Q: 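The structure under discussion is supplied below as structure tokens; questions concerning it will follow.
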Amino acid sequence: MEERDIMEKLNSEQQKAVAATEGPVLILAGAGSGKTRVLVHRIAYLIDVLGVSPGSILAITFTNKAADEMRSRVDSIVGFGSKEVWVSTFHSLCVRILRRYADLIGYTRYFSIYDTDDQLTLMKNLFKQRGTDPKRMREKAVLARISSAKDELIGPAKYRELNRDQFGQEIAGLYEAYNTRLKESNAMDFDDLILKTVELFEQHPEVLDVYQERFRYLMVDEYQDTNTAQFRFVSLLAGKYRNLCVVGDDDQSIYKFRGANIRNILGFETIFPDAEVVRLEQNYRSTQNILNAAYEVIRHNHGRKSKKLWTENPVGTKVRLRRFANGFEEAEFICGEIMREVRAHTHACKDYAILYRTNAQSRLFEEKMLMANLPYRIVGGINFYSRKEVKDLLAYLKTIDNAVDDLQAMRIINIPKRGIGAATIGRIANYAESGGISFFEAACEADRIPGLGSAAVRKVTGFTDFIGVLRARAEGQKISEILKSVVEGTGYVEELRKEETEEAENRIGNIDELISKAVQYEEHASEPTLSGFLEEVALIADIDSLDDTDDRVLLMTLHSAKGLEFPVVYMAGMEEGLFPSGMSINAFNPEEEIEEERRLCYVGITRAKESLTMTSARERMLRGEITESRLSRFVREIPRELVDVGDEEVLRPAGRTLNLTGRGADGAMRNAILGKAESAGRPPYDRDGDRGTIRESLYVSPYKKAGTPGKTEPDFGVGDTVRHVKFGDGVVKEIKDGGKDYLVTVDFPAWGIKKMYASFAKLKRV
DNA sequence: TATATAGTGTTTTTT
DNA sequence: ACACTATATA
């Protein structure tokens, strides 16, 4: 492609960003301003116009999905050599480097990658071993401290110096022990992947030099989310040629809890005084109304790089606000609305996204989606690879691949049940410890371990022999074949089959899926290896497997939604205490924490292209108890004239429900309150803060009229045959009072047993 | 050693 | 509400 073609479809700022190839460049790219487009065109410009060798260009993203997308877009506009461009995530790039030079820093190329579960298991072991009381400090909290230390490139010794108090000293001790155990197991956690690469570069300048020479042009996406370690990594890489281009938006920095250091972007011009700064402020995604609402929210933050997005897009409809009595009705409204619009063919399912603050909120929506028969996909939550059966099988593969990974060996030594209990495992672990060998090696010498009876020795040897056979066969065998041998040899599936429960069937399904993932890996990897497969599995995120061609409503957290866009967006749970989270409100530095939440809200709003609806519940079930909450301050920050609050907006004195319809309606009072609120120039919901003092505003669900009885008794009983729109005819098995509505269990011959709410499912007696 | 039961604590977000 | 842990029991 020629220069003219590359620049043709770009605005002048975008062109500037594309052409600024030499030296440090900071691209401040607002939401929806076409930053991926700029990066892709920049790569094309480097190759096709400047003649830069594709192999010397490196683009770093945060998710595999973003990397895939960029790779394919580069592929479509760059003539040749696009395959040589390096597009990678921080983590996978570091793994690649580390595998090659692992021996220089005391690891082997087969090192394992520990996920959060592995870390927790390891920490629990350490607590036990060191006699640390889990009531005094929690394992997770210690891991969080260690993780932030690693993000900041602080090792155990430095941590000890920095935290002189007793807790600090104790954590430092655990940190040290934790690192030792990882090293002994030839394993690294997520943070180590970056940290160890930095160490490698710093201790071995000759290695750094190799990569500095290879990557002459660096680009970093989502720069606002980099942490100190990642910053150091990038600085080292770019240290020689200084062609570093970072792209980011300080208003979208939402990963502080993961160590993201907003100073990396805010202070870029201080660190690189000669940096060229380009601002992309034209938005191509959202309507003016949506963009204005987003701006009104984000402008409440201090210390941001001031900028205001604009768009040539239509004004669009107002942002809608709908309030409900509880989360249940909220979910019913959203799902019902989507269902009606999909039926009317206004939109396809994939045009919708439901965004929320916490994963726990997904359950309510999932139930309603099932009842409404809408295809959906929940992103995040429990990862496929963290299911027990999948982890068990992977532990076998890891033990075969990396024999010194004690954690995995200990996990599977009694899976399936071989009659090896805690006592035996303890004795093997002791023996391993005193002999300075790995757990698995110790198990291989079971007959020499004091305290093990002949029965125990026999059982342990059975296990080690099994692994031995698998390992001997693994050489040159396909990964899927190894996996199948494990499944057969352990009798895992057989055991599950015997259970004859739906749960077990699911697990078997997951095992099949794991095997097919292995097959897929063998097909797409250039040089498939067992380590390679395990690494891919460890670094994959749920979001990476999103397929934008499949027609489903997407449900995910606001965090997961970053980088995506949808025609119709619902932001659910807009309540104080939930969003912004109670954690942030009660933090020791609430201002800062709430600003982070506000950025998250900004990210959510700017995901919407055509339509945005915010919803909230006045009552919500939060860890087992019902909590009452006020409308989120973020909603209240949007001026009234930008918000459509629905046509049944009413205000009621606290503790009393207004009669709005029919004879004797409290019309005068309603008008008085409304009029007063509006003449005062404040949005009615702005006074929501007065809860309990005077009166609160109330937006009644148009879906369920105020005062309507929540449920009507079904006209059928147990044993009757009923008809469902989708499932056809079935026999009623059970009717239960489900609070808001009657919960009916029906056996449909063609679909199996389903539970549903009577009036919502519109069951009819036949 | 394996299993059933009661009791305990937890939740923000994730590569 | 739920998952995880400690304890009692077979």
Side-chain angles (χ1 to χ4, degrees), chain A residues 60-67 88-95 113-117 119-121 124 127-128 134-135 138-141 143-144 147 150-151 188-194 222 225-227 229-230 253-260 327 355-364 379-383 385-386 388 414 416-426 453 455-456 459 535-536 538-544 556-563 573 577-587 593-594 596-597 599-601 603-604 620-627:
Chain A
I60 303 176
T61 62
F62 266 81
T63 64
N64 294 297
K65 184 177 167 26
S88 182
T89 65
F90 271 106
H91 294 269
S92 50
L93 175 64
C94 286
V95 171
I113 300 167
Y114 276 12
D115 64 17
T116 326
D117 276 356
Q119 291 177 282
L120 195 61
T121 315
K124 280 182 177 162
F127 267 51
K128 242 174 245 162
K135 276 173 195 141
R138 286 193 305 273
E139 292 94 339
K140 274 191 188 158
L143 283 169
S147 175
K150 286 186 176 182
D151 288 343
M188 300 191 201
D189 62 21
F190 284 127
D191 304 313
D192 279 340
L193 297 178
I194 316 289
E222 306 283 11
D225 289 329
T226 51
N227 61 34
Q230 288 162 334
S253 164
I254 56 172
Y255 282 111
K256 191 169 148 234
F257 72 94
R258 211 169 64 187
L355 309 181
Y356 37 77
R357 178 70 240 268
T358 65
N359 279 308
Q361 287 167 260
S362 67
R363 263 201 61 186
L364 285 168
V379 179
I382 323 120
N383 190 306
Y385 294 103
S386 48
K388 184 188 177 298
N414 198 33
K417 300 230 167 15
R418 298 185 174 90
I420 302 169
T424 307
I425 293 174
K459 290 172 194 160
E535 157 194 324
E536 187 166 294
L539 297 181
I540 202 124
D542 205 21
I543 196 96
D544 297 333
M556 67 184 102
T557 62
L558 289 152
H559 281 90
S560 300
K562 195 168 73 148
L578 185 62
F579 189 35
S581 75
M583 282 265 198
S584 64
I585 296 169
N586 299 323
E593 299 279 324
I594 286 171
E596 172 112 347
E597 298 273 311
R599 289 192 288 270
L600 190 56
C601 184
V603 167
R620 188 177 290 277
M621 207 53 141
L622 273 169
R623 32 177 157 83
E625 58 186 340
I626 296 170
T627 49

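What you see is a predicted model, and the numbers here were worked out from it, not measured in a lab. Just so it is clear: chains get the letters A, B, ... in the order the sequence lines come, proteins before strands, and each one is counted from 1.
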Q: Is there a side-chain contact between I113(A) and L193(A) in this structure, where contact means two heavy atoms from C-beta onward sitting under 4.5 Å apart?
A: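 In short, these two side chains touch, coming nearer than 4.5 Å.
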Q: Knowing that exactly one of T116(A), D191(A), N227(A) qualifies, which makes a side-chain hydrogen bond (donor to acceptor under 3.5 Å, both in side chains) with S147(A)?
A: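 One option only clears the test, and that one is D191(A).
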Q: Students often get this wrong, so: under 4.0 angstrom with heavy atoms, is R363(A) touching a base, only sugar-phosphate, or nothing?
A: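 Sugar-phosphate only.
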Q: When we call it a touch if two heavy atoms are under 4.0 Å apart, what does K124(A) touch: a base, just sugar-phosphate, or nothing?
A: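 Sugar-phosphate, no base atom in range.
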Q: Strictly distance-based, threshold 3.5 Å: is any side-chain N or O of D544(A) a donor or acceptor partner for the main-chain N or O of K65(A)?
A: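 Side chain of D544(A) to backbone of K65(A), a donor-acceptor pair under 3.5 Å: yes, one is there.
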Q: Answer yes or no: is there a donor N or O on one side and an acceptor on the other, between the side chain of R418(A) and the main chain of K459(A), under 3.5 Å?
A: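 Not at all, since once roles are kept as given, no pair shorter than 3.5 Å links the two residues.
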Q: Have a look at A423(A) and say if it touches a base, only the backbone sugar-phosphate, or nothing, with a 4.0 Å heavy-atom cut-off.
A: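 Contact class for A423(A): sugar-phosphate only.
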Q: Scan D225(A) against the nucleic acid and name what it touches under 4.0 Å (heavy atoms): base, sugar-phosphate only, or nothing.
A: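 No contact at all - D225(A) keeps every heavy atom at 4.0 Å or more from the nucleic acid.
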Q: Are any non-hydrogen side-chain atoms of R357(A) and L600(A) less than 4.5 angstrom apart?
A: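 Side chain of R357(A) against side chain of L600(A), heavy atoms only: contact under 4.5 Å found.
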Q: Could you tell me from which nucleotide to which nucleotide of DNA chain B, 5' to 3', there is an atom under 4.0 Å from chain A heavy atoms?
A: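 Answer, 5' to 3': dT1(B) to dT15(B).
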Q: Any side-chain heavy atom of L143(A) sitting closer than 4.5 Å to one from D189(A)?
A: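 No, too far: nothing below the 4.5 Å cut-off.
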Q: Within the structure shown, what part of the strands sits under 4.0 Å from K459(A) by heavy-atom distance: base, sugar-phosphate, or nothing?
A: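 No contact at all - K459(A) keeps every heavy atom at 4.0 Å or more from the nucleic acid.
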Q: Any base atoms under 4.0 Å from S584(A), or only sugar-phosphate, or nothing? Heavy atoms, all strands.
A: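 No contact.
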Q: Taking atom P in both dC4(C) and dT13(B), compute the distance separating them and give it to the nearest angstrom.
A: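 My reading of the P atoms in dC4(C) and dT13(B) gives 15 Å.
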Q: Within the 4.0 Å heavy-atom criterion, would you say F257(A) contacts the bases, only the backbone, or no part of the nucleic acid?
A: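 Base, at least one base heavy atom under 4.0 Å.
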Q: For K388(A) and dC4(C), give me the distance from atom NZ to atom P, rounded to whole Å.
A: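 After rounding, the gap between these two atoms is 12 Å.
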Q: Would you call the rings of Y255(A) and H559(A) parallel, tilted or perpendicular, taking 30° and 60° as the class edges?
A: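 Taking H559(A) first and then Y255(A), their aromatic rings sit tilted (interplane angle of 30° to 60°).
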Q: For DNA chain B, whose closest nucleotide is more 5', that of E597(A) or that of G419(A)?
A: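 Going by which nucleotide is closer to the 5' end, it is G419(A).
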Q: Tell me which of I420(A) and L600(A) sits closer to the 5' end of DNA chain B, going by the nucleotide each one is nearest to.
A: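 Comparing both residues, the 5'-ward one is I420(A).
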